[in-house]
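To start, the structure itself, in structure tokens.
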Amino acid sequence: MTQLNDMQKKQILRLALYAGEIMLKNGAETYRVEDTITRICKSKKLKHISAFVTPTVIIVSDDRFDGYSFIKRIKFRNTDLNKVAMINDFSREFILDDLDIWEGIKELKKIDKAPSYKTLTKMTWAGLASGMFALIFGGKISDFIVAFFISMIAMISFEKLERLSETSFLANAAASFIIGILAIVVRKIGFGHSLDMVIVGSIMPLLPGVALTNGIRDFISGDLISGVSRVSEALLTAIAIAVGIGSALKLLIMLGGVI
């Protein structure tokens, strides 16, 4: 490969940064993002590359004295492991097939804009998962049905509220409060066997399993800043859920209801 000029170096760094951004904001682990960025750059003969990744920022730089540095702030994160897998496939294709830089950027834009699962699909599977958890924890068929529908309502509420809020804390707390209120109301009208099982099953899609798992994985890999950040995020999400459910139950007690 011929000597790279300054413009080509910048484009390679931008491409690698873009690939890392898509991965990070869709739930990828820190080590995976750093590894992908480094491999893409080295495949184009940029050998002095450093990548620093946290859950909220990506920094890519050329360690040489006259090198370049790029930084990207990640303000919103979601969980879409399909896009993470697509970037993994892209990075292998980019390296093995020696794709052109501009072709690579076009492919990344397609992946970034690729539609996620439809809302109805996510609601349905969230409802099924919640209903099954209600059964696993000892609930009855009636608890399965109640958890199924309450979880669907909670998930659509969560998505709507998350778009309006700057933080997912309020969205999680509000969605959990809705779960608690609906579970109490349905139980009061005589449907559903166990209030506890309905609530436990319904909150399962809101639990921060990916964030907690990635945080522990980052700790194991030695990425201490990312590990602390992700585990803290998971704990805050769990607190938000507890606040929402607790508020609903407290409201019932204040109104003179009996749980």
Side-chain angles (χ1 to χ4, degrees), residues 1-122 125 159-160 162-163 166 168 210-211 213-214 217-218 221 223 226 229-230:
M1 184 176 179
T2 59
Q3 185 70 24
L4 297 171
N5 59 43
D6 288 350
M7 181 58 68
Q8 288 173 321
K9 291 179 181 179
K10 290 179 181 179
Q11 293 303 324
I12 293 169
L13 289 173
R14 287 194 179 103
L15 183 146
L17 182 66
Y18 191 18
E21 176 192 353
I22 296 172
M23 295 184 74
L24 187 61
K25 70 183 183 181
N26 286 289
E29 306 94 319
T30 298
Y31 84 94
R32 191 185 299 276
V33 177
E34 292 180 346
D35 182 67
T36 298
I37 292 172
T38 303
R39 287 177 180 272
I40 288 175
C41 291
K42 288 185 176 180
S43 71
K44 295 299 183 181
K45 309 304 180 185
L46 290 181
K47 299 180 180 179
H48 306 280
I49 295 298
S50 289
F52 177 73
V53 178
T54 73
T56 56
V57 69
I58 303 175
I59 302 175
V60 183
S61 66
D62 184 345
D63 286 341
R64 300 185 65 178
F65 180 75
D66 59 345
Y68 301 98
S69 295
F70 291 87
I71 184 170
K72 182 64 179 181
R73 177 78 163 87
I74 307 298
K75 294 184 178 180
F76 176 77
R77 295 184 304 281
N78 198 0
T79 301
D80 190 339
L81 300 183
N82 182 48
K83 288 188 178 181
V84 175
M86 291 170 71
I87 293 294
N88 283 334
D89 293 339
F90 162 80
S91 65
R92 292 183 177 89
E93 181 184 359
F94 184 81
I95 294 170
L96 296 177
D97 297 343
D98 195 25
L99 293 180
D100 180 77
I101 296 172
W102 294 109
E103 291 178 356
I105 292 176
K106 289 180 180 179
E107 187 64 27
L108 287 176
K109 288 181 179 179
K110 290 180 181 178
I111 295 174
D112 193 17
K113 295 179 180 178
S116 183
Y117 295 108
K118 294 181 179 180
T119 301
L120 181 60
T121 301
K122 292 189 287 187
W125 286 106
E159 289 196 356
K160 297 291 184 182
E162 193 175 37
R163 294 188 190 128
E166 291 290 332
S168 62
V210 173
T213 302
N214 286 350
R217 182 66 179 82
D218 288 341
S221 300
D223 298 310
S226 295
S229 299
R230 292 183 188 273

Hey, could you give me the [atom1]/[atom2] distance between [X] and [Y], rounded to the nearest 0.5 Å?
X: Asn214; Y: Ser226; atom1: CG; atom2: OG; result: 10.0 Å
X: Ile12; Y: Asp62; atom1: CD1; atom2: CG; result: 10.5 Å
X: Phe90; Y: Leu108; atom1: CZ; atom2: CG; result: 4.0 Å
X: Glu107; Y: Ile87; atom1: CD; atom2: CD1; result: 8.5 Å
X: Ser168; Y: Phe76; atom1: OG; atom2: CZ; result: 8.5 Å
X: Ile111; Y: Met86; atom1: CD1; atom2: CE; result: 4.5 Å

Exercise for the section: Using atom types as modelled and distance alone, determine if a side-chain donor or acceptor of Thr213 lies under 3.5 Å from a backbone N or O of Val210. Expected result: no

Completion exercise
Closest non-hydrogen atoms of Ala51 and Glu34, given as atom of the first, atom of the second and distance, are O-OE2, 3.5 Å

Practice task
Please tell me if the side chains of Leu46 and Lys9 come closer than 4.5 Å, counting only heavy atoms from C-beta onward.
Solution key: yes

Exercise for the section: Report yes if some heavy atom in the side chain of Leu13 is under 4.5 Å from a heavy atom in the side chain of Ile37; otherwise report no. Expected result: no

Practice task
Given salt bridge (Lys or Arg N to Asp or Glu O under 4.0 Å), test Arg230 with Asp218 step by step and report yes or no.
Solution key: CA-CA 9 Å; Arg230 292 183 188 273; Asp218 288 341; 2.8 Å; yes

Practice task
Inspect the surroundings of NZ in Lys122 and state if more than 12 heavy atoms from other residues, nucleotides or ligands are less than 6.0 Å away.
Solution key: yes

Practice task
May I ask you to check whether over 12 heavy atoms, not counting those of Arg77, lie within 6.0 Å of atom CZ?
Solution key: yes

Problem - Cation over ring face, Lys44 and Phe94, 6.0 Å, 45° - result: yes

Exercise for the section: Determine, for Phe70 and Arg14, whether the Lys NZ or Arg CZ falls below 6.0 Å from the six-membered ring centre while staying within 45 degrees of the axis. Expected result: no

Which atom pairs, donor and acceptor, lie under 3.5 Å between side-chain atoms of residues 54-61 and protein residues at least two apart or in another chain?
{"residue": "Thr54", "atom": "OG1", "partner": "Thr56", "partner atom": "N", "Å": "3.3"}
{"residue": "Thr54", "atom": "OG1", "partner": "Val57", "partner atom": "N", "Å": "3.2"}

Which donor-acceptor pairs under 3.5 Å do side chains of residues 16-29 form with protein atoms, sequence neighbours excluded?
{"residue": "Tyr18", "atom": "OH", "partner": "Asp112", "partner atom": "OD2", "Å": "2.9"}
{"residue": "Lys25", "atom": "NZ", "partner": "Asp112", "partner atom": "OD1", "Å": "3.2"}
{"residue": "Asn26", "atom": "ND2", "partner": "Ile22", "partner atom": "O", "Å": "2.7"}
{"residue": "Glu29", "atom": "OE1", "partner": "Arg32", "partner atom": "NE", "Å": "2.9"}

Exercise for the section: Go through the steps to decide whether Lys109 and Ile105 satisfy the test side chain to side chain contact (heavy atoms under 4.5 Å, CB included), and finish with yes or no. Expected result: CA-CA 6 Å; Lys109 288 181 179 179; Ile105 292 176; 3.9 Å; yes

Problem - Pairing residues for Arg92 by the salt bridge (charged side-chain N to carboxylate O under 4.0 Å, His left out) criterion, not counting sequence neighbours - result: none

